[in-house]
Student: 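So that we are looking at the same thing, I have put the structure below in structure tokens.
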Amino acid sequence: MIIQPASRLGEVKEYYFSTKLREIAQMRAEGKPVLNLGIGSPDLPPSHEVIDTLTDAVLHNDVHGYQSYMGIPELRAAFAEWYEKWFGASLDPEGEILPLMGSKEGLMHIAMAFLESGDEVLVPNPGYPAYRAVSNLTGATIREYKLEPERGWLPDMEALESTDLSRVKIMWLNYPNMPTGTAADLSFLESIVAFAHRHRILIVNDNPYSFILNEQQHSILSIPGAKDVAVELNSLSKGHNMAGWRIGMLAGRADYLKVVLRFKSNMDSGMFKPVQLAAAQALKSPLSWYKRLNGVYAERRETVFQLFDALDCKYDPKQVGLFVWAKIPDLYADAYELADEVLYQHNVFITPGGIFGSQGDRYLRISLCSDGALYEEAMRRVKR
Ligand SMILES: Cc1ncc(COP(=O)(O)O)c(C=O)c1O
């Protein structure tokens, strides 16, 4: 390469799934019938009301221009009502909600707006890889906090507080947790808010899985005093089957959101209005929508449990979210070895937990986003 990339890319690698999907495409091109049970991209469509809203809106002449950097008022109002109704959190739609093109986008904006070299940032291990990547891009120093099965995959806050936290600026938090499937209760979130106040740390709770196989929705912003030290990301990707539409949001105190907007408004110029109107419609979905969706996922999850039984893996049957997280048997060096064996011998792709950090080295993650028949087929292949 003649022109060298910027040094800030240092440790940042291409996203794991970006490379893995290329390999799967190559295997399929060679005639191998690979089943991809790895990725959390919902296979079911949004509700017909959502699709109708989009297709009706597209026909109007006045929807094709640039949109507000803060999202249209209808979408902000719908997010505020959704948070009030399901999460018990009051948000001012004028300043406390910032629509995003998916919550992943928000991670980068928050990191760019708040972090710099010399800052430290708390990143969960295991955790969604983008927390580490966006933090690295800012030059901040990563400090991992371990999630362990013995503590129900919750952080050891006492251990964390026995260390010097004076340089820590942000803690990435994600409950219901991906990849471990752990739901956190309000008392845990309260303890996090108190911790953040004590150490003047901004908590960023990433909350896209609250509607998937999870009975009770919680927002860190429902806790008194939370808005001073916490913001929350949410998304329509998982609970409304709109991953490809790219709609999420950041909620929190108006002055924090204004800082994020200073970065974001220099990067994009708003979202297509019909998509925003359809998203507002999705947020009005009744309980029956979530129930139906979870009925499908619950059924699939039973088959995934059986698939893990066939692989001699152990799992917590009470986990929540869009995946099943399971521990591999001792005879394998790590989960990459078992995942490769399953991929190259049986043409079934399962995510090795190590991509989420070293605490995931002995775990596999299967997504619930495939048709039920594919899990049956995977089981047949593995048993054979
Ligand atoms: C924990 C977590 N956060 C954020 C995202 C990104 O979601 P979105 O589609 O809203 O960008 C994902 C997607 O898989 C995720 O697992």
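Just so you know, ligand 1 is whichever comes first in the structure, and atom 1 is the first atom listed for that ligand.
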Student: Under 30°, 30 to 60°, or over 60°: which ring-plane class applies to F195 and H199, parallel, tilted or perpendicular?
Tutor: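 F195 vs H199 ring planes: tilted.
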
Student: Pick whichever of F17, Y128, W172 has a heavy atom sitting closest to atom 5 (C) of ligand 1.
Tutor: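 Shortest heavy-atom distance from atom 5 (C) of ligand 1: Y128.
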
Student: Of all the atoms in ligand 1, which lie at a distance below 4.0 Å from a heavy atom belonging to S235?
Tutor: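 Under 4.0 Å from S235, ligand 1 has these atoms: 8 (P), 10 (O).
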
Student: Name the orientation class of the two ring planes belonging to F323 and Y209 (parallel below 30°, tilted from 30 to 60°, perpendicular beyond 60°).
Tutor: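 Ring orientation, 0 to 90° scale: perpendicular.
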
Student: Identify the closest protein heavy atom to atom 13 (C) of ligand 1: which residue and atom is it, and at what distance?
Tutor: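 The closest one turns out to be K238 NZ, 3.2 Å.
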
Student: If the contact criterion is a heavy-atom separation under 4.0 Å, does Y175 count as touching ligand 1?
Tutor: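 It does not; every heavy atom stays at 4.0 Å or beyond.
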
Student: Identify the protein heavy atom lying closest to atom 16 (O) of ligand 1, giving its residue, its atom name and the separation to 0.1 Å.
Tutor: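 Result: Y209 OH, 2.6 Å.
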
Student: Around atom 9 (O) of ligand 1, find the nearest protein heavy atom and jot down its residue, atom name and distance.
Tutor: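 Going by distance alone, atom 9 (O) of ligand 1 is nearest to S237 OG, 2.6 Å.
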
Student: As an exercise, identify every atom of ligand 1 less than 4.0 angstrom from a heavy atom of R246.
Tutor: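 Near R246, the atoms of ligand 1 are 8 (P), 9 (O), 11 (O).
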
Student: Identify the protein heavy atom lying closest to atom 3 (N) of ligand 1, giving its residue, its atom name and the separation to 0.1 Å.
Tutor: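 Nearest protein contact, heavy atoms only, for atom 3 (N) of ligand 1 is D206 OD2, 2.5 Å.
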
Student: Please confirm whether the backbone N or O of D206 pairs with a side-chain atom of N174, one donor and one acceptor, at under 3.5 Å?
Tutor: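 A pair under 3.5 Å: yes.
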
Student: Answer yes or no: is there an ion pair linking R198 with E161, defined by an N-O contact shorter than 4.0 Å?
Tutor: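 Looking at R198 and E161, the cut-off is met.
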
Student: Considering only heavy atoms of G102, which atoms of ligand 1 have at least one such atom less than 4.0 Å away?
Tutor: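 Listed by number with element: 10 (O), 11 (O).
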
Student: For ligand 1, is P208 a contact, meaning one of its heavy atoms is under 4.0 Å away?
Tutor: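 True for this residue.
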
Student: On the 0 to 90° scale, with breaks at 30° and 60°, tag the Y290-H240 ring pair as parallel, tilted or perpendicular.
Tutor: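 Taking H240 first and then Y290, their aromatic rings stand perpendicular (interplane angle over 60°).
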
Student: Please could you name the atoms of ligand 1 that N174 approaches to less than 4.0 Å, counting only its heavy atoms?
Tutor: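 Every atom of ligand 1 under 4.0 Å from some heavy atom of N174: 1 (C).
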
Student: Set out, in order, the CA-CA distance, both residues' side-chain angles and the distance that settles side-chain contact (heavy atoms from CB on, under 4.5 Å) for L100 and L233, then state yes or no.
Tutor: CA-CA 9 Å; L100 300 171; L233 291 158; 3.6 Å; yes

Student: State plainly whether the residues R246 and D268 are in salt-bridge range, i.e. N to O under 4.0 Å.
Tutor: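 D268 and R246: not salt-bridged.
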
Student: What are the atoms of ligand 1, with element, lying closer than 4.0 Å to any heavy atom of K104?
Tutor: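 Numbered from 1, ligand 1 contributes 6 (C), 8 (P), 11 (O).
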
Student: Out of all atoms in ligand 1, which are within 4.0 Å of some heavy atom of Y131? Include the element for each.
Tutor: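 Checking each atom against Y131, I get 1 (C).
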
Student: What's the shortest distance from atom 7 (O) of ligand 1 to any protein heavy atom, and which residue and atom give it?
Tutor: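 Here the nearest protein heavy atom works out to S103 OG, 3.3 Å.
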
Student: More than 12 heavy atoms of other residues, nucleotides or ligands under 6.0 Å from NE2 of H64: yes or no?
Tutor: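 Atom NE2 in H64 is crowded, with more than 12 foreign heavy atoms closer than 6.0 Å.
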
Student: Answer with yes or no whether the side chains of T141 and D119 bring together a donor and an acceptor at under 3.5 Å.
Tutor: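 There is no such pair between these side chains.
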
